[in-house]
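Worksheet: one structure, shown below.
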Amino acid sequence: MDALSYLITGPMVYLSVGVLVFGMIYRIFRWLSVPASPIRLGIFPKTQGVSRTATVVRDTFLFPQVAEVNRRMWLMTVLFHFALLGVFVGHLRLLGRFPGILEAKMSESAHLAGGTMGVILLIGTLYFLFRRFKSPQKELSLPEDYFLLFLLFAIILLGDHLRLFGHIPFEVYREYAYGLLSFRPALPPALMDSPQKIVFVWHVFFANLLFVYLPFSKLVHFAGAVATNGIRRG
Amino acid sequence: MAVSISEQVRDLLKEKMNRQLLYYLDICARCGICKDACHIYRATGRVEHVPSYRAEVLRRVYNKYLAPLGRLRRDYGEVTEEDLQKMYEAAFTCTGCRRCMVYCPFGIDITWLISMEKAVLSSFGRVPEELSMLADAAVEKGKSIELYREIMAEQIKSYEPELRARTGMPEASIPIGEKGARVLYVALAGIHSILPAAIIFNLAGEDWTLSMFEAANYGYFSGETSKAAEIAKRIVDEAEALGVKEVVITECGHAFRVMKYLAGGWLKRDLPFRVRSIFQPFAEYLRDGRLKVHTQITEPVTYHDPCQLGRNGGVYEEPREIIKTICTDFREMTPNREKNWCCGGGGGLVAQTDLENYRAETGRLKAEQIKATGAKTVATPCENCRLQLALLNERYDLGVTITAVTDMLVEAVAVPAAKGETAEEISR
Amino acid sequence: MSEHNVDLELDLRGLACPLPVVKASKSIKDVPVGSVMKVVATDPGALADFPAWAKTSGNEILDIERNGSEINIFIKRMK
Ligand code: HEM
Ligand code: SF4
Ligand code: SF4
């Protein structure tokens, strides 16, 4: 295996997952180490107990208010994030088999479901990117916003290619992932000798970059969203 | 070596950092969804009126100096005098309505960020002169109030004939600063805020006394928290000295919110009395039959939820209950309650006389909303809102009457006024 | 009647919060230093508000007259 492919799909993965994990722990610790202001200024009407929790969960994952003021953005955001979740769950199959018939079902639907979610992600990313070229999002954007969307675009584009046109059996990727988990990273021969190798290596490369950058970017919102939504209802 | 503006802002930000602020600075996705919720942006379409953009300069300093890896980012420039000016305009042209917070998918409180900007600006001495001056005068009044008790009490007596006529009660009075009363009523500067409430309190047989202070808190608007606390403390001290059970705040948005939700935090103690909005006892009087409605209003009436009383203060139902009892044709605005459009007058904007045209422009959605109800009367319990609505009434030809809820209640339950004897109409 | 030479008279009767003091402090800038502005108010609170405002803004209250429910305040611009 050539050195660059090895570095990207081996050591760099460890490094970037390490940065992701420790970076996120650091970010969460940083939030919790600053005292919260005792002044609680949630929006009324306020509810308590279970119904407050339900509202916070609903606000965090569905934010229905957004649909009232910007339907398109709401649709895109919800589709994008649920597709992201789906793709994430799909990737978990790399790390092990799902129990019982779930594995067979997922395997059966992987091409269609994974492909659909991949396309949604691609469209979503492009939509988010293009709306940032227009005022007022243009002025509101920081370079980081474009950088993140570019990274996502690259990861998703390459991932979609592998999913839809790669025709490499899933077992091959799983073999690679098991190798990573047992600290003997290597690309299986079926991938090594495939013309898709280069696509795969770049997919992993951009994903690594995202992992490294994520704890230092606005994407930490995935860890803070429940808390801020809680403050609004508190 | 002189400390740069950026470094000064950084140090203050560091000193005043709290968890909420850190979350908001870290996780805003800069998606801009909040723009669709803000009446100001909706009316002007200008970038600087996008809610999250109002925190742009603050965010820049944070990203450059305090965020992890901030120093690696070369794209965040130094804060200049111009940036301070930009921050000033951002902070002091927002009404603080917090409608954006209702709609932001993360629930980010832009006004929380703006409070920080105001703290920064006040450390550079950049505070709207009018707000700061009002705050100073209020603090000063607190220091010398004892000198004025007698003369104010005497002055207030000049309104007792009218009070007695409207209540039909020869013993009706306006007690001021009286020990042992159950309720301390805090009004605004102006007899129009005292007399109608006095009529109701007397008719309902309430054991009340009038505060020597007005409820408004301009330190809160100017963002000078130490002054704001000082101003609130005058009333807290007075209530404690009189030993009242309850402080009732007049029809005013921010005054109720300040006393109920902020004052305790500023003064770092629990207040030994209950704080209620005037509507809460008034609705009770009606419910308990302590007030008898003799005249109902038949013209269509609508109600404007002041942001500080509704969305930010939690008083939605009692004013509606009162209005529905005394009016036969009540019409809701759409949207209402926590989603109601801000009138454009809050945040101390009505006190800044140079913002009149801005207020007229940014009140457009409110004006359209009022028109759509077809109501002839708009009742609203905040004097800032009423001033703003009066401006909109004129600029958008709404042809409505703008009134306080208490004034309507007085017409429904008190002895009808003889000609020329009404409390003066409130004017601009 | 008061003996002051009034340069500007300001009618603040029935004004909503917080306009009385805002208007007064705007208008005092329209009279020359050393001259007198008369303010007419009906708010009992004005009896304490104006002295407090004068003190913080560095102006001087010359006189306060009470006339039924009307209050006349004479303010001398000092700076
Ligand atoms: C609890 C989990 C999460 C929640 C509740 C959440 C919620 C949100 C919300 C409300 C927005 C703003 C609306 C928008 O710009 O579309 C947003 C933006 C975004 N989220 Fe998430 N998110 C979560 C997890 C993630 C994760 C794990 C990623 C990782 C890739 C991610 C990527 C993004 C991106 C790239 C944007 C910005 C789109 C743009 O720049 O316009 N989100 N998220
Ligand atoms: S404040 Fe909320 S709605 Fe506004 S840009 Fe930030 S995340 Fe989006
Ligand atoms: S608080 Fe109100 S005025 Fe201020 S930015 Fe938010 S929506 Fe706009």
Side-chain angles (χ1 to χ4, degrees), chain A residues 23 26-27 30-46 56 59-63 65-66 68-70 73-74 77-78 128 131-132 135-145 148 213 215-233, chain B residues 17-24 26-33 35-37 41 45-50 52-53 56 59-60 63 67-70 72-73 75-76 98 101-109 111-112 257 261-262 264-266 268 310-316 335 337-339:
Chain A
Y26 165 65
R27 288 312 288 266
R30 205 172 104 102
W31 284 330
L32 299 182
S33 66
V34 179
S37 161
I39 293 180
R40 295 177 55 202
L41 295 180
I43 294 285
F44 289 89
K46 290 184 180 174
V56 172
D59 285 354
T60 309
F61 297 101
L62 293 173
F63 31 86
Q65 322 80 278
V66 176
E68 290 169 29
V69 290
N70 193 335
M73 191 57 186
W74 176 78
T77 304
V78 169
F128 292 146
R131 72 189 282 282
R132 288 201 183 271
S135 187
Q137 287 80 244
K138 193 166 104 194
E139 292 84 350
L140 200 59
S141 301
L142 298 180
E144 148 177 328
D145 300 322
L148 284 171
Y213 191 54
F216 307 100
S217 74
K218 69 175 185 186
L219 295 188
V220 297
H221 69 250
F222 84 86
V226 175
T228 51
N229 271 292
I231 296 169
R232 166 167 55 190
R233 302 294 170 185
Chain B
M17 186 56 78
N18 55 61
R19 193 178 301 161
Q20 290 92 328
L21 190 63
L22 194 60
Y23 275 133
Y24 296 155
D26 278 340
I27 72 172
C28 169
R30 295 176 290 275
C31 63
I33 286 170
K35 74 182 193 305
D36 303 305
Y41 178 81
R46 283 165 53 185
V47 174
E48 61 269 35
H49 297 151
V50 174
S52 69
Y53 196 75
E56 199 269 338
R59 187 177 296 131
R60 190 157 12 116
N63 281 343
L69 296 196
L72 296 182
R73 304 183 187 180
D75 43 305
Y76 307 121
R98 302 210 305 166
M101 184 179 180
V102 173
Y103 288 92
C104 165
F106 299 117
I108 289 176
D109 184 356
T111 65
W112 196 276
R257 181 172 180 230
Y261 300 107
L262 296 169
W266 290 340
K268 299 196 171 49
R311 176 156 53 238
N312 303 325
V315 180
Y316 292 122
R337 295 182 171 80
E338 76 268 30
K339 291 177 178 167

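Naming: A, B, ... by sequence-line order, numbering from 1 per chain.
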Engaged part of [X] at the chain A interface, taking heavy atoms whose separation is under 4.5 Å:
X: B/V50; answer: side chain
X: B/R257; answer: side chain
X: B/K268; answer: neither

Please find the pair of heavy atoms, one from [X] and one from [Y], that lie closest to each other, and give the distance.
X: B/S52; Y: A/L140; result: OG-CD1, 3.3 Å
X: A/G224; Y: B/Y23; result: CA-CE2, 4.4 Å
X: B/M101; Y: A/L41; result: CE-O, 4.0 Å
X: A/P136; Y: B/K35; result: CG-CD, 3.6 Å
X: A/F44; Y: B/G310; result: CB-O, 3.7 Å
X: B/R30; Y: A/R132; result: O-NH1, 2.9 Å

Pairwise distance [atom1]([X]) to [atom2]([Y]) - rounded to 0.5 angstrom:
X: B/I33; Y: A/N70; atom1: CD1; atom2: CG; answer: 6.5 Å
X: B/R59; Y: A/L142; atom1: CZ; atom2: CG; answer: 7.0 Å
X: A/R232; Y: B/Y103; atom1: CZ; atom2: OH; answer: 10.5 Å

Counting heavy-atom pairs closer than 4.5 Å to chain B, which one of [options] comes out on top?
options: A/D145, A/L148, A/V220, A/D59; result: A/D145
options: A/A225, A/P38, A/G23, A/P35; result: A/P35
options: A/I231, A/L62, A/T77; result: A/I231
options: A/E68, A/R30, A/M73; result: A/R30
options: A/W74, A/F63, A/F128, A/W31; result: A/W31
options: A/H221, A/R131, A/K138; result: A/H221

- Please answer whether the main-chain N or O of B/V47 pairs with a side-chain N or O of A/E139 as donor and acceptor at a distance below 3.5 Å.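 Not confirmed, A/E139 side chain does not pair with B/V47 backbone.
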
- Message: According to side-chain hydrogen bond (donor to acceptor under 3.5 Å, both in side chains), does anything in residues 32-43 of chain A pair up with another residue at least two apart or in another chain? List the pairs.
- Response: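 Applying side-chain hydrogen bond (donor to acceptor under 3.5 Å, both in side chains) to every pair that reaches into residues 32-43 of chain A, excluding sequence neighbours, yields nothing.
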
- Query: Hey, is A/R27 close enough to B/D26 for a salt bridge, meaning N to O under 4.0 Å?
  - Reply: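 Salt bridge: yes.
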
- Message: I'd like to verify something: which residue of B/V315, B/I27, B/T111 has the highest number of heavy-atom pairs under 4.5 Å with chain A?
- Response: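 The candidate making the most pairs under 4.5 Å is B/I27.
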
- Task: Mind ranking B/M17, B/E56, B/E338, B/R98 by heavy-atom pairs under 4.5 Å with chain A and telling me who comes out on top?
- Result: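 If we count pairs closer than 4.5 Å to chain A, B/R98 comes out on top.
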
- Item | Proximity breakdown for A/Y26 and chain B, heavy-atom pairs closer than 4.5 Å |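 Only the side chain of A/Y26 comes within 4.5 Å of chain B.
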
- Task: Could you walk me through whether B/D109 and A/I43 pass side chain to side chain contact (heavy atoms under 4.5 Å, CB included), step by step?
- Result: CA-CA 10 Å; B/D109 184 356; A/I43 294 285; over 6 Å; no

- Message: Holding to side chain to side chain donor-acceptor pair (under 3.5 Å), I want the full list of residues that pass it with B/R19, two or more places apart in sequence or in another chain.
- Response: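 In terms of side chain to side chain donor-acceptor pair (under 3.5 Å), with neighbours along the sequence ignored, B/R19 is linked to no residue.
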
- side chain to side chain contact (heavy atoms under 4.5 Å, CB included) assessment of B/W266 paired with A/I39: CA-CA 9 Å; B/W266 290 340; A/I39 293 180; 4.0 Å; yes

- Query: In this structure, which one of B/C104, B/C31, B/P105 forms a side chain to side chain contact (heavy atoms under 4.5 Å, CB included) with A/V66?
  - Reply: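 With A/V66 as partner, B/C104, B/C31, B/P105 yield a single side chain to side chain contact (heavy atoms under 4.5 Å, CB included), made by B/P105.
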
